[in-house]
Amino acid sequence: MLVAAAICPCPPLLVPEVAAGAAPELDALRAACLDAVGVLAAARPDRLVVLGPAEQAGRGPHPQGATGSFRGFGVDLELRLGPEGPDSERELPPSLSVGAWLLARTDWADAPVEGLGVGEPLARDRCLPVGREIAASAARVALLVMGDGSACRTVKAPGYFDERAEAFDAAVARALGGADTDALTALDEELAAGLKASGRACWQVLAGAAQGAGLRGQLLREEAPYGVGYFVAAWS
């Protein structure tokens with residue numbers, strides 16, 4: 001059963017070494033993410049699953065102890081997902097590497113950890129059963145859900161400006177802040193893809209996991225500093 005969830009954005013810029021001189025711009029976002037992870041620890045889960053959007057090579061399960069890095073972003077920094085575990089031949093995708101960085105910052109040792117790379121195009125009808133399966137995998141399950149909103153909030157955004165982006169992000173913020181699984185389930189897949197919202201599939205996996213759990217949500221942070229919607233929320 002799902003007992004807690006933390007929802008965080010996944011830009012590598014969240015890691016100060018990657019952001020370099022721009023790091024202070026995201027200090028408040030980092031602090032909110034760490035607060036959200038603290039809610040997971042307080043829930044005393046038996047199992048923690050970190051979800052994040054992934055390209056083809058990074059999709060599927062990643063065991064505890066799997067490693068990732070930010071070398072692709074010019075930083076020689078390696079991360080491990082939770083405590084040491086069996087060797088994994090696959091490297092964590094960037095979103096799970098950011099999740100691993102958050103867990104390392106909080107010295108996570110409260111439950112076994114594993115990662116799941118989720119394909120951004122994964123259909124809603126496949127996301128929901130995945131979430132239900134995760135929730136049923138232990139008596140007390142927690143989720144760390146990584147993913148960004150639209151990337152089209154300004155003309156300098158990665159996806160340029162799209163007038164639909166602000167309304168889409170506002171709807172996501174309401175759903176995450178209210179732990180509204182119906183609203184997350186109803187997110188338009190085609191619109192999300194058009195707005196380059198990497199978190200849509202992961203949020204719908206969360207919706208499946210949280211069905212019937214009776215969790216309450218709190219939106220801890222919402223911003224779009226680079227034209228990309230970032231949300232931090234905690235469900236418990």
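One-based numbering along the sequence shown.
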Task: Residue list, salt bridge (Lys or Arg N to Asp or Glu O under 4.0 Å) with Arg164, at least two apart or on another chain - done: Asp162

- [ ] Could you check Phe161 against Glu163 for side-chain contact (heavy atoms from CB on, under 4.5 Å), going step by step and ending with a plain yes or no?
- [x] CA-CA 7 Å; Phe161 175 73; Glu163 62 183 8; 4.1 Å; yes

Open item on the list: If you compare all heavy atoms of Ser95 against all heavy atoms of Met146, which two are closest, and at what distance to 0.1 Å?
Closed with: O-CG, 3.8 Å

Open item on the list: Would the distance check show the side chain of Arg90 and the main-chain N or O of Pro61 forming a donor-acceptor pair, the cut-off being under 3.5 Å?
Closed with: yes

TODO: Look at the aromatic rings of Tyr226 and Tyr230 and report parallel, tilted or perpendicular, splitting at 30° and 60°.
DONE: perpendicular

TODO: Please confirm whether the backbone N or O of Ala54 pairs with a side-chain atom of Arg59, one donor and one acceptor, at under 3.5 Å?
DONE: yes

- [ ] Taking Asp148 for its side chain and Gly229 for its backbone only, find out whether a donor-acceptor pair lies under 3.5 Å.
- [x] no

Open item on the list: Please check: side-chain N/O of Arg200 versus main-chain N/O of Ala192, any donor-acceptor pairing under 3.5 Å?
Closed with: no

Open item on the list: I'd like to know if the side chain of Arg30 reaches the main chain of Leu102, judged simply by a donor and an acceptor atom lying under 3.5 Å from each other, with no hydrogens or angles considered.
Closed with: no

- [ ] State whether the side chain of Gln64 and the backbone N or O of Leu81 hold a donor-acceptor pair below 3.5 Å, judged by distance alone.
- [x] no

Open item on the list: Around atom CD of Glu55, are there more than 12 heavy atoms from other residues, nucleotides or ligands closer than 6.0 Å?
Closed with: no

Open item on the list: Tell me whether Arg126 at atom CZ has more than 12 heavy atoms from other residues, nucleotides or ligands lying less than 6.0 Å away.
Closed with: no

Open item on the list: Using modelled atom types and a 3.5 Å cut-off, is there a donor and acceptor pairing between side-chain atoms of Arg124 and backbone atoms of Leu187?
Closed with: yes

- [ ] Give a yes or no on whether the backbone of Thr185 and the side-chain of Gln204 come within a donor-acceptor separation of less than 3.5 Å.
- [x] yes

TODO: Give a yes or no on whether Glu133 atom CD has more than 12 heavy-atom contacts from other residues, nucleotides or ligands under 6.0 Å away.
DONE: no

